[in-house]
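Written below as structure tokens is the structure these notes are about.
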Amino acid sequence: MSTPHDGPGGRRRLRPPQAERPPRPPRQAAAEPPQRPQRPLPSDPPVPRRPPARRARHAAPEPGPAARPGEPRGAVPERRPRPPARRRRSPNEGVPADENPTEVLGLDFGDRDYYDDYGDHGDYDDLLDEDIRDEYGDEDDDRAVPEYFEDEREDRPEPRAPRKRRKRFLGWLAALTVIVLLAGGAYYGARELLGFGFEDYEGTGENDVLLHVEEGDSTRAIATKLDELDVVASAEAFVDASEDDQRVLSVQPGYYVLKTKMSGASAVSGLVAPDARVGQLQLRAGTQLDDIQQPDGSVTPGVFSLLSQASCADLNGTSTCIPAEELRRVADTTDPAQLGVPEWAAADAARAEPGRKLEGMIAPGVYDVKPGWDATTLLGEVLKTSTLRMQAAGLPDAAGQTGYSPYQILIIASLIEREAVENDFGKVSRVLHNRLAENMRLELDSTVNYVLHQPEVRTNDADRARAGAYNTYRNRGLPPTPISAPSLEAITAAEQPPEGPWLYFVKCETNGLSCFSVDYEEHLRNRDDAIARGVF
């Protein structure tokens with residue numbers, strides 16, 4: 001039986017019977033055809049490709065190279081390999097290989113004899129199903145590779161969280177905010193309306209206690225101290241009550257008498273009361289240790305009397321006053337160095353007569369003494385503070401430039417304080433330095449009056465004729481001790497007198513200013529004029 005086959009020209013020719021066909025020589029194994037590309041699975045994305053170059057149907061195969069001598073007829077000649085096509089870089093290059101590759105499906109073309117009869121490679125290609133060739137194309141054709149482009153926008157949108165999760169987070173945040181606001185409002189509302197939030201006593205208190213307000217203490221610091229003393233039940237009670245009374249902000253350092261178990265409002269009122277502060281000593285410049293009885297009969301209290309008054313307070317019915325006599329006794333019987341007199345003045349102060357050892361050693365200013373201190377502690381605390389104030393005025397170091405000891409500079413400063421007003425401190429200091437340099441008597445009424453029971457501004461002949469170490473009309477040089485508490489300005493003037501030739505001065509103005517002169521005759525004219533006008 002013959003098999004039809006389309007020959008050239010479209011004519012049909014009959015295939016000769018098998019018996020009439022001459023035996024074919026054994027054919028060599030043809031080169032294994034190249035493996036077809038595998039068909040992509042449905043899950044894979046379609047790969048766009050360029051339509052393959054299709055060969056015309058029924059076209060005669062291109063003649064291959066002639067058979068070499070000795071090769072059997074019909075052997076498939078070797079094809080000349082084409083140069084490899086330039087491969088474009090795939091976007092999947094560098095991706096690890098799939099551990100489960102897709103299985104390659106083989107194609108069954110039916111009867112093997114049919115293939116043997118038409119073993120020519122070109123005929124085999126013609127026998128492939130045209131649809132398969134159309135789908136896969138020729139192996140030598142370059143297939144199109146899809147191009148990939150990166151997103152080059154600088155403001156690429158960030159991936160957003162899932163909408164449900166974002167909504168859930170915002171919902172929880174809003175709920176938490178509402179809860180916090182409600183809790184805070186409830187707390188402060190209850191505190192304002194019902195008095196919650198802190199403990200507080202009721203009433204005006206029970207027992208007396210002393211509160212010490214120090215420099216720099218804030219309202220909160222004062223409240224804490226009151227809480228520790230059991231004046232208030234809690235610091236918050238005082239702070240809350242002080243918000244309605246701005247006078248708390250003007251409370252000065254010092255000691256205050258309050259009571260235990262006071263309400264916050266009562267503690268505020270008690271602290272700002274005029275008589276609440278105790279233990280305050282205000283010492284004016286020029287004050288001496290003992291009281292001075294003025295010509296009109298009035299008494300100017302001295303340092304001992306002022307200290308005694310500052311020590312007084314009534315605590316639970318008991319007085320804390322230290323009498324002035326007790327202070328004077330301790331000052332006379334105790335070593336000045338043990339009381340707190342600085343080293344540069346202790347030896348000179350110890351040689352002074354009783355009642356004058358601490359003269360000039362307590363600088364003017366404001367002191368806070370605690371009611372209940374004994375006489376020794378009271379004097380010691382005041383002297384300690386006074387020493388610091390003298391150091392601020394340059395003692396003892398500045399005295400070295402004058403040729404006098406620090407204690408002598410303190411004596412000169414006390415004379416300046418009692419003889420002149422501040423505007424004349426410098427000139428009076430120069431007069432004293434010039435007269436001491438000339439070994440002249442100082443002839444100061446202030447030194448004569450220092451030992452008098454009833455001093456006068458202008459001494460008389462009898463007073464000037466009195467004997468004594470403090471009579472500078474009769475003695476040359478400085479008196480043995482200061483005669484008052486000099487101010488820091490007077491100490492500075494004693495250390496740094498201005499230049500000038502003056503040797504005399506006399507008070508010649510109603511405001512306390514003096515007239516200065518170089519010769520004695522001019523000084524007498526200035527004195528007589530001041531007496532005539534009632535100034536001196």
Side-chain angles (χ1 to χ4, degrees), residues 284-288 292 294-296 300 360 364 393 402-404 408-452 454-466 468 470-479 482-536:
R284 298 177 57 184
T287 305
Q288 62 187 53
I292 299 176
Q294 301 297 336
D296 60 357
T300 300
T402 63
Y404 298 96
Q408 289 175 322
I409 289 295
L410 192 64
I411 295 174
I412 295 174
S414 69
L415 302 178
I416 296 172
E417 191 70 56
R418 294 294 298 271
E419 286 286 344
V421 295
E422 186 174 349
N423 287 344
D424 284 341
F425 278 178
K427 285 185 176 182
V428 171
S429 176
R430 172 47 60 191
V431 170
L432 298 180
H433 278 273
N434 289 344
R435 293 177 73 90
L436 290 171
E438 297 288 339
N439 198 24
M440 298 174 61
R441 296 184 184 94
L442 296 181
E443 297 181 347
L444 300 174
D445 290 339
S446 59
T447 59
V448 175
N449 285 328
Y450 175 67
V451 295
L452 297 179
Q454 289 183 331
E456 296 282 348
V457 176
R458 186 171 51 136
T459 60
N460 54 38
D461 294 339
D463 293 335
R464 290 192 294 268
R466 292 174 181 271
Y470 291 89
N471 189 344
T472 55
Y473 279 93
R474 299 186 59 177
N475 302 315
R476 298 179 186 275
L478 295 170
I483 62 172
S484 68
S487 64
L488 302 185
E489 292 78 11
I491 295 175
T492 302
E495 295 168 343
Q496 303 171 2
E499 295 296 330
W502 312 290
L503 292 173
Y504 305 94
F505 69 94
V506 62
K507 180 182 177 182
C508 61
E509 300 292 343
T510 56
N511 57 6
L513 293 176
S514 300
C515 294
F516 296 85
S517 57
V518 177
D519 59 273
Y520 185 65
E521 287 74 12
E522 182 182 3
H523 168 64
L524 291 179
R525 290 192 297 269
N526 292 335
R527 186 196 64 179
D528 294 341
D529 179 68
I531 293 174
R533 292 184 291 111
V535 178
F536 179 70

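For reference, positions follow the sequence shown, starting with 1.
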Pairwise distance [atom1]([X]) to [atom2]([Y]) - rounded to 0.5 angstrom:
X: L415; Y: I412; atom1: CG; atom2: CD1; result: 7.5 Å
X: E419; Y: L444; atom1: CD; atom2: CG; result: 4.5 Å
X: L410; Y: E495; atom1: CG; atom2: CD; result: 10.0 Å
X: Q288; Y: I483; atom1: CD; atom2: CD1; result: 8.0 Å
X: N434; Y: M440; atom1: CG; atom2: CE; result: 9.5 Å
X: L432; Y: L503; atom1: CG; atom2: CG; result: 11.0 Å

On a heavy-atom basis, which atom in [X] and which in [Y] lie closest, and how many Å separate them?
X: A393; Y: I491; result: CB-CG2, 3.9 Å
X: G477; Y: L436; result: CA-CD2, 3.9 Å
X: A413; Y: A494; result: N-CB, 3.9 Å
X: G426; Y: P498; result: O-CD, 3.0 Å
X: E417; Y: S484; result: CB-OG, 4.2 Å
X: G360; Y: P482; result: CA-CB, 3.9 Å

Task: Under 3.5 Å donor-acceptor, T459 side chain and R464 backbone - done: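 No.
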Task: Donor-acceptor contact below 3.5 Å, side chain S429 vs main chain F425 - done: no
TODO: Could you pull out all residues at least two apart from Y450 that satisfy ring pair (Phe, Tyr, Trp, His ring centres under 6.0 Å)?
DONE: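 In terms of ring pair (Phe, Tyr, Trp, His ring centres under 6.0 Å), with neighbours along the sequence ignored, Y450 is linked to Y470.
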TODO: Could I get the full list of ring pair (Phe, Tyr, Trp, His ring centres under 6.0 Å) partners for Y404, not counting sequence neighbours?
DONE: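 Listed in chain order: H433.
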Open item on the list: Just to verify, what does T447 make a side chain to side chain donor-acceptor pair (under 3.5 Å) with, not counting sequence neighbours?
Closed with: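 Partners of T447 under the side chain to side chain donor-acceptor pair (under 3.5 Å) test: T472.
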Restricting to salt bridge (Lys or Arg N to Asp or Glu O under 4.0 Å), what partner residues turn up for [X], sequence neighbours left out?
X: R466; answer: D463
X: D296; answer: none
X: D424; answer: none
X: R458; answer: none

Those residues that, when tested against [X], pass side-chain contact (heavy atoms from CB on, under 4.5 Å) (two or more places apart):
X: N511; value: E509, L513
X: E499; value: R430
X: A485; value: P364

TODO: State, with a plain yes or no, whether a side-chain heavy atom of F516 is found less than 4.5 Å away from one of V428.
DONE: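 Contact flag for F516/V428 side chains = yes.
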Open item on the list: I want to check something: taking the side chain as every heavy atom from C-beta on, are L478 and L442 in contact at a cut-off of under 4.5 Å?
Closed with: yes
Open item on the list: Under the side chain to side chain donor-acceptor pair (under 3.5 Å) definition, can you give me all pairs with a residue in residues 513-536, not counting sequence neighbours?
Closed with: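 For residues 513-536: D529-R533.
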Task: salt bridge (charged side-chain N to carboxylate O under 4.0 Å, His left out) contacts in which one or both residues fall within residues 433-442, not counting sequence neighbours - done: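 Listed by first then second residue: R435-E443.
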